Amino acid sequence: MGCCNKLCGLKAGIGAGIAVAILGIILIPVGNNIIRETVTKESVIEPGTTAWDNWVSADAPVYRQFWLFDVQNPQDVVENGSKPKLVEKGPYTYKTRYLPKENITANPENHTISFLLPAGAIFEPSLSVGSEEDSVTSLNLAVAGGYKLFPPWVLEAAIKLNNVSLFQRRTVREILWGYKDPILKGTLGLFFPYNGTYDGPYSVFTGKDDISKVSIIDSWQGEKKVSFWNNTYCDMINGTDGSSFSPFLDKKKPLYFFSPDISRSVSAEYERSLNLKGIEVYRFKLPPLTLASPAVNPDNQCFCTDSVVSKNCTLAGVLDISSSRGQPVYISLPHFLHGSPYLVEDVEGLGPSEEHHVTFLDVEPTTGFSLRFAKRLQVNMMYGPSKIITVLKKVKDYTVLPIVWLNETASLDDETADRFKKELLSRVDMLETVQFTLIGLGSAALVLCTVAHCLVSRNNKLV
């Protein structure tokens, strides 16, 4: 009778263990739904959510590091048509994107939110190799710009009248932010004007009605497409601004984002998973096809706007953004990474590096938040041969000359990482822990009761 009671109790224990395990298994989809609902709720751009706190603030410092190319043989280039010899000087670092968004306006009728992004740059001496007053020999911006914009005889007269040449000696501050140019009689600089200006207005989807659309740009500067390329495909504004994406990332799918700096949309592809301050992130990188020649990537055909400079659209690694900047500026990756070999061969002193010169985003896959990024670009201008312009008479071919490359970068700090893990990921981890604890307890109870059942059965046989 005692053995029977024991056996009955064990059977009940086995049943309870199975029940607990089944409960844990049943709770998996329920828990997954709770996780999705929690993350979805916190990813909507509206007051009171984690996404709103990250989106509206300007707490995380964003830095722009500049490396300028110092031409070592300017006279030799002009007088003998020699290759320019370049020495990279930098970084010269500025804190940017430190100002919060302005004119934030909710548009509930289409679930978007509009804003302006103010621009500002503060020099950071402790993160720089020298002063803003350091001098660099660089391409004369007015001469290089005038080569494409003015009749040659007009540019020749302006050069002689103002006693200037193909190259000029300027400070870092002047080249980046502006100086009074003697030819144009106005302020000229690679990033002039900058301080006190705005990017936008932007209008992005909040994700309130459809979380898959969160942060996707609905319009920029009041338009749903750009008008720089005269082509439906190339003029599209695709994706977000790169700061965040929809939650629950699929690493097999590329991420799309729009960059006003290069006047077009691009995509990034998954490379690998990393641990960032205890948080798993997916690293997405710009693929080589981004700036490939149309012969390799036919989608880039509409970005080829100058058959002469691009050598009948066979040039890889350079994007002509003259139509959006109003001056002949060419964008590439630093040191012409992924560009045509002759771009590097036409000058001395370049060394493209995937590690140091590629653009990447480190995105937390559950929330879609970009927790670290490095946007790396190079600004170039072009000069070429001329029978009329004296300083170009010895030049043998068109040369795309690097002036500066930049790394715009940011990463979450320890405090932000701890808050992120506590406020959002801890909830997800807790739900997952409950699920697997129930499964584990049920499985353990099942095993123990099964073993005990075997022992009791054995004892009954012996009796």
Side-chain angles (χ1 to χ4, degrees), residues 62-71 74 84 86-97 119-124 128-149 164-199 228 259-264 309 318-336 343 347 350 357 359 375-383 399-409:
V62 178
Y63 295 101
R64 274 196 177 190
Q65 302 170 297
F66 295 95
W67 286 262
L68 288 84
F69 292 98
D70 191 15
V71 181
L86 307 179
V87 172
E88 184 181 274
K89 295 181 67 174
Y92 295 91
T93 304
Y94 295 80
K95 184 178 180 179
T96 62
R97 303 300 186 195
I122 300 174
F123 185 62
E124 296 282 353
S128 304
V129 298
S131 162
E132 285 185 292
E133 305 311 314
D134 289 352
S135 294
V136 176
T137 298
S138 184
L139 196 62
N140 189 314
L141 304 184
V143 173
Y147 178 71
K148 189 173 182 180
L149 299 175
V164 297
S165 187
L166 181 60
F167 299 96
Q168 61 179 346
R169 192 78 175 167
R170 293 283 180 182
T171 67
V172 171
R173 184 202 302 270
E174 288 176 326
I175 293 173
L176 296 179
W177 312 116
Y179 58 90
K180 295 295 183 181
D181 183 77
I183 291 181
L184 299 180
K185 311 302 180 186
T187 303
L188 190 61
L190 292 178
F191 300 96
F192 176 83
Y194 190 78
N195 283 337
T197 64
Y198 293 86
D199 180 18
F228 306 133
S259 175
D261 291 329
I262 62 174
S263 310
R264 60 165 288 190
V309 177
V318 173
L319 179 69
D320 182 354
I321 61 169
S322 303
S323 59
S324 64
R325 290 295 179 266
Q327 54 182 319
V329 174
Y330 302 85
I331 295 296
S332 68
L333 293 180
H335 289 240
F336 295 123
L343 290 168
V347 299
L350 298 183
H357 300 145
T359 289
K375 182 175 70 176
R376 293 158 174 168
L377 300 172
Q378 182 170 288
V379 180
N380 315 274
M381 294 189 77
M382 185 270 298
Y383 65 90
T399 301
V400 180
L401 188 71
I403 300 175
V404 62
W405 75 269
L406 66 90
N407 175 31
E408 183 173 275
T409 183

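Computed from a predicted model, the values in this text were never measured in an experiment. Because only heavy atoms are used, hydrogens play no part in the values below, and waters and symmetry mates are left out as well, while side chains stay in.
With K375 as reference, D261 is the one residue of N407, D261, T409 to meet the side chain to side chain donor-acceptor pair (under 3.5 Å) rule.
Looking at heavy atoms from C-beta onward, L166 lies out of side-chain contact with P74 at the 4.5 angstrom threshold. Side-chain contact check for L401 versus L86: some heavy-atom pair is nearer than 4.5 Å. Using a 4.5 Å heavy-atom cutoff, the side chains of E174 and F192 are not in contact. Residues D181 and L141 are not in side-chain contact: their nearest non-hydrogen atoms beyond the backbone lie 4.5 Å or more apart. Under the 4.5 Å side-chain criterion, counting only non-hydrogen atoms from C-beta, V172 is not in contact with F66. W405 has its side chain out of reach of V379: every pair of non-hydrogen atoms, C-beta onward, lies at least 4.5 Å apart. Proximity of F228 to R264: side-chain heavy atoms (C-beta onward) are nowhere separated by under 4.5 Å. Residues D320 and Y330 have side chains in contact (heavy-atom distance under 4.5 Å, counting atoms from C-beta outward).
Listed for the K89 side chain is a donor-acceptor partner under 3.5 Å among the backbone atoms of S135. Counting only distance, with no hydrogens or angles, the side chain of N195 and the backbone of A121 share a donor-acceptor pair below 3.5 Å. Judged by distance alone, the side chain of Q378 and the main-chain N or O of S332 form no donor-acceptor pair under 3.5 Å. Distance alone, capped at 3.5 Å, is enough to place a donor-acceptor pair between the T359 side chain and the R376 backbone.
In this structure, F191 has its ring center at least 6.0 angstrom away from the ring center of Y94. Between W177 and F123, the distance from one ring center to the other does not fall under 6.0 angstrom.
To the nearest 0.5 angstrom, K148 atom NZ is 11.5 Å from Q327 atom CD. Atom OG1 of T93 is separated from atom CD1 of I122 by 13.5 Å, given to the nearest 0.5 angstrom.
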(Q) Please evaluate residues I183 and V164 with respect to the criterion side-chain contact (heavy atoms from CB on, under 4.5 Å), reporting the C-alpha separation (whole Å), side-chain torsions for both, the decisive distance (0.1 Å), and the verdict. (A) CA-CA 9 Å; I183 291 181; V164 297; 3.7 Å; yes

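R169 has a carboxylate O that lies under 4.0 Å from a charged side-chain N of D70, or vice versa, which qualifies the two as a salt bridge.
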